[in-house]
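Have a look at the structure below before the remarks.
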Protein chains: 2
Amino acid sequence: MYNLLLQSIEKKVPITQAAKIEVQNAFTLKKLRKRDYLLRDGDICNEMYFVKNGCMILYTLDDGGNEHVTQFAVEGWWVGDMYSYLSGLPSNMFLEALEPAEVLCIKREDREMLLTTVPILERYFRILLENNFVAIHRRVANLISKGAEDKYLDFVKLYPQFALRVPQKYIASYLGITPETLSRIRVQSAER
Amino acid sequence: MYNLLLQSIEKKVPITQAAKIEVQNAFTLKKLRKRDYLLRDGDICNEMYFVKNGCMILYTLDDGGNEHVTQFAVEGWWVGDMYSYLSGLPSNMFLEALEPAEVLCIKREDREMLLTTVPILERYFRILLENNFVAIHRRVANLISKGAEDKYLDFVKLYPQFALRVPQKYIASYLGITPETLSRIRVQSAER
DNA sequence: CATCCGGCTTGATCTAAATCAATTGCATTT
DNA sequence: AAATGCAATTGATTTAGATCAAGCCGGATG
């Protein structure tokens, strides 16, 4: 049950057997069906989630009711509204399962506690966040500098798995373009 | 000389006198004049920089020679090309002083060393990166969901200091719009 | 003091992508 | 197998913002 999480940790830092037990005790499992929500606009995000399997999206809704996907999360990824999680203030996001999913949940206080009892995890999260910083920075660079087609091509190159797994409209949203535009881009790219 | 850095650390984690010495020994000071570079396309980013004073921008150049600002950094901020810094691979970015500036530099190996000798800094960087994650995530949400005017208004609300301090063209670039568009937005907003 | 240059503004035009709208194709449910 | 409901496609039109081009202003430089 905790295999994937412990692997994720061990890939980055050494961890003792005793610490593994501590880790396991800090998490609970949630099983989700397609379209279940872990978080809705207005909720406070009191937990962060480690995806064991399935696929989640984190998104906002604008005034016109359009979804804007800020994050995907599949097996081995962390997800949640970090803003709300850290501040304790209400989120303006939705966290939804695109597929049946299982996630490991850790509450704010439990994580804080765990970080003091197993301090090597500070290093784990630090490394995780650094890698994440690189990825999100690349995304920003693409968003401010590239046109629709180039953004899509970079996305496919970076996450070939997603391009197949996730409905196109979510990818379009993630790239900041419309589903219609993405559809047209795909036929044009294929023609060449 | 190390005041601002030590304050930045102490705001987030407790640190002993001995550890402060260790920190100071790990950094060197660089003084920059306006338009000096700390990093150019093709360089490997072997250091990260903590800004003591002045203002830096991190940007890419596209095929058309247009700058795309991915980051600002003023007093108390960290900056550098994290991708190149972590991987040791060449950067495709420029890091330039917009004003005369002083930065504290820490080499890759020295930071790794420091993190093992002063492990509380793992926590410092972890917290820093979490806060940063929230900010950059907000930026992404704005980039994929908002029009030019709303992006600008959010920027001014979040960083009122910058709006005055930095030439508009860099702000435009940071927002993913042209200087012309930003100029027009500003007069329109003022009219109302 | 003059001039030079970079940054900002303003206007005219163009274009990539959004929007609006209809149709089709799948997959899930009944 | 019919029916329902999304997702994707395709076409027509609109629009936000880019691009191109000139002029202008203010601070740095000889």
Side-chain angles (χ1 to χ4, degrees), chain A residues 33-37 55 57 59 61-69 72 94 96-100 142-156 162-192, chain B residues 33-37 55 57 59 61-69 72 94 96-100 142-156 162-192:
Chain A
R33 287 178 306 168
K34 200 172 169 172
R35 297 201 192 170
D36 280 351
Y37 285 88
C55 180
I57 51 169
Y59 63 90
L61 270 191
D62 67 23
D63 309 329
N66 304 304
E67 298 170 354
H68 300 281
V69 176
F72 291 107
F94 297 81
E96 179 183 351
L98 287 188
E99 306 170 359
N142 282 341
L143 285 171
I144 64 176
S145 72
K146 290 186 175 169
E149 180 166 14
D150 285 347
K151 283 190 286 189
Y152 175 65
L153 294 178
D154 193 65
F155 178 84
V156 173
F162 283 3
L164 305 163
R165 182 166 176 180
V166 174
Q168 280 181 40
K169 62 170 194 160
Y170 297 117
I171 295 173
S173 173
Y174 181 89
L175 298 174
I177 64 180
T178 59
E180 291 95 330
T181 294
L182 180 54
S183 173
R184 284 184 250 264
I185 281 169
R186 283 165 49 86
V187 302
Q188 285 162 22
S189 300
E191 280 169 6
R192 279 175 288 141
Chain B
R33 287 178 306 169
K34 198 170 169 174
R35 300 204 189 167
D36 281 350
Y37 286 87
C55 179
I57 52 170
Y59 64 89
L61 272 191
D62 66 22
D63 307 329
N66 304 302
E67 297 172 355
H68 299 282
V69 177
F72 290 109
F94 298 81
E96 180 185 350
L98 288 188
E99 308 170 359
N142 283 341
L143 285 171
I144 65 176
S145 72
K146 289 185 176 171
E149 181 167 15
D150 285 347
K151 282 190 285 190
Y152 176 64
L153 294 177
D154 192 66
F155 178 84
V156 172
F162 283 4
L164 306 163
R165 183 167 176 180
V166 175
Q168 282 182 39
K169 63 170 193 164
Y170 298 117
I171 295 173
S173 174
Y174 181 89
L175 298 173
I177 63 180
T178 60
E180 292 94 329
T181 295
L182 180 54
S183 174
R184 286 184 248 264
I185 281 170
R186 283 165 51 86
V187 303
Q188 286 163 22
S189 300
E191 281 169 7
R192 278 175 288 142

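In what follows, chains carry the letters A, B, and so on, assigned in the order in which the sequence lines appear, proteins first and then strands, with residues in each chain numbered from 1.
- Contact between the side-chain N/O atoms of A/Thr178 and the OP1/OP2 oxygens of C/dA18 is found at a separation under 4.0 Å.
- Distance NZ (B/Lys146) to C1' (D/dA16): 17 Å, rounded to an integer number of Å.
- Summarising the geometry, atom CZ belonging to A/Phe72 is positioned 11.0 Å from atom CZ belonging to A/Arg165; distances are rounded to the nearest 0.5 Å.
- Nucleotide D/dA18 holds its P atom 16 Å from the CD atom of B/Glu67, rounded to whole Å.
- Remark: C1' of D/dA18 and NZ of B/Lys151 are 13 Å apart, rounded to the nearest angstrom.
- Between the C1' atom of D/dA16 and the CD atom of B/Gln188 lies a distance of 11 Å, rounded to the nearest Å.
- The nearest whole Å value for the distance from the CD1 atom in A/Ile177 to the C1' atom in D/dG17 is 17 Å.
- Relative ring orientation between A/Tyr59 and A/Phe94 is described as parallel, the plane-to-plane angle staying below 30° on a 0-90° scale split at 30° and 60°.
- The distance from atom CD of B/Glu99 to atom P of D/dA28 is 13 Å, rounded to the nearest whole Å.
- Atom CD of B/Glu180 is separated from atom CG of B/Leu182 by 10.0 Å, given to the nearest 0.5 angstrom.
- Within the model, atoms CZ of A/Arg186 and CG of A/Leu153 stand 11.0 Å from one another, a figure rounded to the nearest 0.5 Å.
- Between the P atom of D/dT29 and the CZ atom of B/Arg33 lies a distance of 11 Å, rounded to the nearest Å.
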What protein N or O atoms touch nucleotides 22-24 of chain C N or O atoms at under 3.5 angstrom, if any, and at what distances?
none

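- Heavy-atom distances to DNA chain C give each of A/Lys34 and A/Asn66 a nearest nucleotide, and the one nearer the 5′ end belongs to A/Asn66.
- In this structure, the CG atom of A/Leu175 is 15 Å from the C1' atom of C/dA18, given to the nearest Å.
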Atom pairs under 3.5 Å, N or O on each side, protein against nucleotides 3-11 of chain D: can you list them with distances?
residue, atom, partner, partner atom, Å
D/dA7, OP2, A/Lys169, NZ, 2.7
D/dA8, OP1, A/Gln168, N, 2.7
D/dA8, OP2, A/Gln168, N, 3.4
D/dA8, OP2, A/Lys169, N, 3.1
D/dT9, OP2, A/Gln168, OE1, 3.1
D/dT9, OP2, A/Ser183, OG, 2.9
D/dT9, O5', A/Ser183, OG, 3.1
D/dG11, N7, A/Arg184, NH1, 2.9
D/dG11, O6, A/Arg184, NH2, 3.4

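- Between the B/Asn142 side chain and the B/Lys146 main chain, no donor and acceptor come within less than 3.5 Å of each other.
- For the residue pair B/Glu149/B/Ser189, the side-chain donor-acceptor check at 3.5 Å is satisfied.
- The distance from the CG atom of B/Leu143 to the CG atom of B/Leu175 is 7.5 Å, given to the nearest 0.5 Å.
- To the nearest 0.5 Å, the span separating CD1 on A/Ile144 from NZ on B/Lys151 amounts to 9.5 Å.
- B/Gly176 comes within 4.0 angstrom of sugar-phosphate atoms only, judged by non-hydrogen atoms across all strands, and of no base.
- Between A/Glu67 and A/Ser173, the shortest heavy-atom distance links the atoms O-OG, 3.1 Å.
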